[in-house]
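A quick write-up on the structure given underneath.
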Amino acid sequence: MITITTHQGKQVEIVLESELCSPVDMGERVRAYCHIHGSDHQRSLSINKATGWGHCFNAVCGATVLVVEWNRGLAKRLLQSYYRGLTSAALPDYVPPVQGARYRPYVVQPMLLPPPRSIPQWQQDELHALCELDGQMRCALVYTRHARMYLSERGIPLKVALATGVGYLPSELLNGREMRKQRGLLRRWTDRIVFPLNSPDGRGYIGRSLWHWQPGMNETTHKALLERPASPKRWIKTCPAGWFSAGFEDISRTVVLVEGAFDRLTLLAAGFSSNDIIALVGTAAPVDWLPAQVKTVVLALDGDEGGQEASSRLADQLALAGLQVKLCPLGQDSWGKDWNERWQRMGRRSVASVFEAFYEARSA
Ligand SMILES: [Zn+2]
């Protein structure tokens with residue numbers, strides 16, 4: 001490993017493939033334990049095979065790496081210009097010459113994680129198109145009355161939604177000539193509240209349909225409407241998807257895990273910091289994803305059978321990974337099946353148990 005500083009002052013660790021610690025091929029990316037900060041319980045290093053660039057998503061480390069074999073030309077240029085600046089003397093050619101076109105990384109370790117899944121082109125295009133509209137979708141949430149009313153009826157202040165990057169995609173946004181290409185890709189995302197997601201493999205989105213929702217219509221009625229044949233899906237996701245959470249490096253030492261995007265917004269509306277709450281939004285693999293600074297996890301999943309089952313399974317996995325776990329089950333009564341529903345009916349009282357569990361866990 002060679003640490004260089006670029007002209008822009010950025011520090012880059014130039015590493016050899018053989019230095020990667022227990023790498024696992026994940027399709028477009030390779031994940032490895034980070035030998036730079038010495039992590040041995042999660043593969044925080046994520047490297048793009050096509051470009052050789054990678055990043056450690058551990059908050060304290062945050063290293064930028066370039067794997068020599070996967071981008072020989074660039075590694076050579078970086079090293080040469082660095083050494084020229086450093087010594088002004090010609091140094092021997094450290095990097096072997098380029099051999100043919102793209103180099104296929106050689107990953108020796110057995111597969112410990114799910115097998116690689118290549119992302120179809122249309123899904124890559126879809127994600128790219130959504131990322132480009134991110135700012136416009138947030139503006140649209142502010143100027144679209146229908147979307148604002150929906151949030152308001154679920155008890156979520158607009159400013160809480162905006163602060164977490166939530167937006168709305170109105171169909172008019174796709175009408176312009178310049179949107180011709182994106183129109184087909186994003187049609188299924190129109191009339192949806194759109195939540196940004198985080199994953200070690202980058203940004204994603206999940207969208208909740210407001211199709212045929214009318215002010216005064218409750219969740220159960222709207223859900224039933226969306227479950228009829230030929231209705232749009234209630235939720236759709238990009239690939240990769242991820243967690244509706246703060247960036248991994250900002251996640252608190254003690255975190256609360258909830259199931260739904262609206263559960264997270266509910267707890268933020270009640271006064272939690274955005275770094276304290278992670279919404280799984282149907283994404284598993286939390287143990288592998290939790291950044292190293294997290295020490296305690298409060299599980300506040302839904303009270304139904306599925307939620308209880310998920311809670312006990314997760315609690316076991318988290319405890320095995322050395323984390324402190326505290327359960328905060330949802331009340332088994334008629335006040336509502338998730339935090340948001342209870343919040344609408346009971347107000348602040350509905351989340352008192354989460355605050356209690358969180359402060360207890362944090363001071364333990
Ligand atoms: Zn690291």
Side-chain angles (χ1 to χ4, degrees), residues 1-72 74-75 78-79 82 94-95 103 105-114 116 197-204 240 242-243 245-255 257 274-276 278 283-297 317-318 320-324:
M1 184 173 79
I2 300 168
T3 305
I4 65 156
T5 307
T6 64
H7 291 308
Q8 290 78 34
K10 193 169 172 54
Q11 200 162 304
V12 178
E13 314 291 343
I14 303 216
V15 303
L16 292 166
E17 202 182 74
S18 56
E19 292 179 282
L20 297 178
C21 197
S22 303
V24 168
D25 196 330
M26 301 288 289
E28 266 188 293
R29 294 186 158 260
V30 164
R31 297 281 297 278
Y33 294 122
C34 178
H35 61 287
I36 297 148
H37 78 273
S39 84
D40 57 3
H41 72 283
Q42 51 186 342
R43 291 187 168 81
S44 53
L45 203 54
S46 170
I47 306 153
N48 185 317
K49 291 195 296 199
T51 65
W53 283 111
H55 180 76
C56 172
F57 65 85
N58 175 282
V60 183
C61 175
T64 299
V65 304
L66 180 69
V67 178
V68 177
E69 288 94 329
W70 304 350
N71 197 338
R72 288 164 189 259
L74 179 65
L78 283 175
L79 284 165
Y82 178 68
Y94 164 75
V95 185
Y103 189 87
Y106 170 62
V107 177
V108 287
Q109 294 295 318
M111 297 295 294
L112 298 177
L113 291 172
L197 305 178
N198 289 302
S199 84
D201 296 316
R203 162 63 56 102
W243 289 343
S245 69
F248 288 110
E249 62 280 10
D250 297 323
I251 290 175
S252 305
R253 205 171 172 274
T254 300
V255 287
L257 258 52
S274 64
N275 297 342
D276 296 340
I278 294 172
T283 304
V287 180
D288 184 48
W289 284 14
L290 284 171
Q293 73 268 21
V294 175
K295 302 292 179 227
T296 308
V297 178
Q317 290 173 6
L318 292 164
L320 273 175
L323 290 144
Q324 298 292 321

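Order of appearance sets the numbers: ligands from 1, and atoms from 1 within every ligand. Throughout, residue positions are numbered sequentially from 1 according to the sequence presented. Treat the numbers as computed from the prediction; the structure is a model and nothing was measured.
- Side chains of Thr51 and Asn71: no donor on one and acceptor on the other come within 3.5 Å.
- Smallest separation of non-hydrogen atoms from Ser245 and Ile278: CB-CG1, 3.9 Å.
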Item to check | CA sep, side-chain torsions, deciding dist, call: Lys49, Asp25, side-chain contact (heavy atoms from CB on, under 4.5 Å) | outcome: CA-CA 9 Å; Lys49 291 195 296 199; Asp25 196 330; 2.8 Å; yes

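- Near the Zn ion (ligand 1), less than 2.8 Å away, sit the protein N, O or S atoms Cys34 SG, His37 ND1, Cys56 SG, Cys61 SG.
- Applying the side chain to side chain contact (heavy atoms under 4.5 Å, CB included) rule to Gln293 yields the partners Ala59, Ile251, Pro291; only residues at least two apart in sequence or on another chain are considered.
- Checked against salt bridge (Lys or Arg N to Asp or Glu O under 4.0 Å), Arg29 has no partners two or more places apart in sequence or in another chain.
- Among residues two or more places apart in sequence or in another chain, the side chain to side chain donor-acceptor pair (under 3.5 Å) test is passed with Thr3 by Glu13.
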